2 protein chains.
Amino acid sequence: MQNRSEELVHELGRKIVNGEYLPGEILPKAEVLSEMHGVSRTVVREALKGLATRKLIRSNQRSGTSVLPRAMWQWWDIDVLTWIIEDENNSDFILHLTDVRLGLEPMAAALAAKRATDQDHVKIKACFEKLEQSVGDERAWAKADFEFHQSILHASYNDLMIGTIQSLHKALIISREKTFHAVKEYADPTFDSPTKEVLDRHRAIYEAVLARDEDLARQKMTDLILRVKRLLEEIYVS
Amino acid sequence: MQNRSEELVHELGRKIVNGEYLPGEILPKAEVLSEMHGVSRTVVREALKGLATRKLIRSNQRSGTSVLPRAMWQWWDIDVLTWIIEDENNSDFILHLTDVRLGLEPMAAALAAKRATDQDHVKIKACFEKLEQSVGDERAWAKADFEFHQSILHASYNDLMIGTIQSLHKALIISREKTFHAVKEYADPTFDSPTKEVLDRHRAIYEAVLARDEDLARQKMTDLILRVKRLLEEIYVS
DNA sequence: AATTATTTGTCCGTATGTATG
DNA sequence: CCATACATACGGACAAATAAT
């Protein structure tokens with residue numbers, strides 16, 4: 001945390017997400033918040049601005065600042081994602097994320113198959129070979145896996161898609177860190193495991209992209225994420 | 001615009017998006033911005049907080065406030081979307097949006113087919129009948145169309161998906177307002193037109209969702225958006 | 001319909017913190 | 001280690017909007 005207003009943003013943001021302040025509720029007025037947290041009113045105002053930008057609250061003169069309904073929140077803000085994932089009440093949020101992932105990543109793969117330049121192909125090939133060499137090594141795999149997906153994502157040449165999927169991956173990493181200790185008995189399916197079988201799934205994607213076969217790339221990426229989804233459902237639904 | 005800091009956010013945000021301030025560049029210091037725009041430092045600071053939350057800038061003590069690379073921007077923030085769409089240099093952004101849409105909306109339709117309750121079915125049916133009655137009436141259709149898609153979206157029961165697609169639709173509306181006068185000779189394909197043929201496409205989606213046929217719902221929604229995409233490509237690529 | 005009370009919005013003067021050269 | 005230049009933080013005042021009376 002860099003400064004006091006950022007701190008306060010996190011503190012209040014967390015309380016809103018986990019329901020200590022409910023949608024529709026009025027927050028204590030700025031002066032009171034200032035006393036409650038031992039900071040100046042300036043800091044409180046800047047913190048509220050931060051939450052207002054994320055559409056968690058709205059300020060009105062005289063009537064105070066109220067919590068907005070969930071439907072208005074800026075879900076893709078990395079801090080909002082973090083607060084939601086860290087909140088115990090949203091343990092199934094990772095399943096919702098996976099459904100969005102299932103919509104976007106196969107599309108990104110299809111776009112990459114269509115638009116990748118020769119340079120992109122070289123890069124993707126290099127990343128896949130790194131992946132091949134990482135089978136069995138948990139740490140090396142995690143890094144190579146990230147970069148492999150990144151190389152394909154970049155070749156989609158769609159900034160909006162890239163930004164969204166990057167946020168999505170960040171959220172998965174946060175979720176992973178959180179469940180790492182909690183669910184030791186299961187391997188965390190959020191990220192791919194460094195086995196031969198999973199490598200072959202990546203190979204299928206890799207080959208489809210290089211072959212410029214959009215539909216196949218889409219299909220193989222779907223297969224990969226569906227496998228994750230099924231493992232997640234085993235854990236959470238049961 | 002509600003207050004001066006919001007105004008300033010828009011003014012600076014626009015300048016960053018359209019390249020008047022480039023990534024890496026250092027903004028004038030708070031005191032100077034304050035003079036330039038005739039507002040106090042407090043207002044400037046709150047505005048900068050707003051831009052920092054959107055990841056357009058980052059403030060550092062001593063080195064000043066710099067513009068962040070596009071890859072870090074919060075693309076789904078409605079204001080960022082607005083600035084990008086309004087900027088002439090991003091006229092093809094709507095195509096990028098459509099690709100994302102093509103990933104998400106068919107997935108949402110599939111989820112709706114899977115998860116819709118009986119109540120949802122009633123709602124969706126009512127919305128479709130409104131749509132049927134609106135054929136030929138541009139204004140009535142636009143409203144009914146919006147609500148039809150909304151009713152299906154809601155039945156996906158995925159807050160993240162709902163929030164994202166809602167932002168997407170808002171962006172399409174903004175884009176429509178912008179191109180409305182600019183491209184008179186073409187009908188704007190961003191939204192569906194109130195013809196019998198398009199109605200039938202909606203009917204196919206509607207029937208698939210009520211029949212709880214996930215794959216068919218996905219497919220029919222894909223068909224609908226692909227039609228839009230092709231029309232858009234005719235306009236922008238040529 | 002006018003007045004008042006309450007809360008956010010705005011301003012400014014000053015002081016402190018922090019990274020850079 | 002010092003000087004500089006910037007952001008960060010504080011407090012007290014007044015303005016503006018709007019809900020309640």
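Quick caveat: nothing in here was measured; it's all calculated off a predicted structure. Throughout, a chain's letter reflects where its sequence line sits, starting with A, and its residues are numbered from 1.
Rounded to whole Å, atom P of C:dG9 lies 14 Å from atom CD of B:E7. In this structure, B:R58 places its CZ atom 17 Å from C1' of D:dT8, rounding to the nearest Å. At whole-Å resolution of the value, CD in B:E31 and C1' in C:dA15 are 14 Å apart. Atom pair A:N3:CG and D:dA7:C1' shows a separation of 9 Å (rounding to whole Å applied). Distance B:L51 CG to D:dA7 P: 14 Å, rounded to the nearest Å. If you measure from atom CD of A:E46 to atom P of C:dG9, you get 13 Å, rounded to the nearest angstrom. For A:I26 and C:dT8, the CD1 to C1' distance is 12 Å, given to the nearest whole Å. D:dA7 atom C1' lies 13 Å from atom CG of B:L33, rounded to whole Å.
Both A:S34 and B:R45 sit near DNA chain D, but only B:R45 has its closest nucleotide nearer the 5' end. Along DNA chain C, the nucleotide closest to A:R41 and the one closest to A:G64 are compared, and the more 5′ of them pairs with A:G64. Nearest-nucleotide positions on DNA chain D for B:L27 and A:T42 put B:L27 closer to the 5' end.
When distances run from any side-chain atom of A:S63 to the nucleotides D:dC10, C:dC12, D:dA19, the shortest one goes to D:dA19. Closest to the side chain of A:A30, out of C:dT10, D:dT8, C:dT8, is C:dT8. Checked against C:dT10, C:dC11, D:dA17, the side chain of A:Q61 finds its nearest nucleotide in D:dA17. For A:R62, counting side-chain heavy atoms from C-beta on, the closest listed nucleotide (C:dT14, D:dA7, D:dA17) is D:dA17.
With values rounded to the nearest 0.5 angstrom, A:Q74 atom CD is found 6.0 Å from B:S167 atom OG.
Using cut-offs of 30° and 60° for the angle between ring planes, the B:F128 and B:F148 rings count as tilted.
At the heavy-atom level, A:R4 lies under 4.0 Å from the strands shown only through sugar-phosphate atoms.
Salt bridge present: B:R14 and B:E86 bring a charged side-chain N and a carboxylate O closer than 4.0 Å. The pair B:R115-A:D99 meets the salt-bridge criterion, since a charged nitrogen lies less than 4.0 angstrom from a carboxylate oxygen.
Checking B:W76 against A:T164 by side-chain atom types alone, a donor-acceptor pair falls below 3.5 Å.
An OP1 or OP2 oxygen of D:dC6 is reached within less than 4.0 angstrom by no side-chain nitrogen or oxygen of B:S59. Between B:N60 and the phosphate of D:dA7, there is no side-chain N or O to OP1/OP2 separation shorter than 4.0 Å.
Put simply, the side chain of B:T65 and the base of D:dC6 share no donor and acceptor less than 3.5 Å apart.
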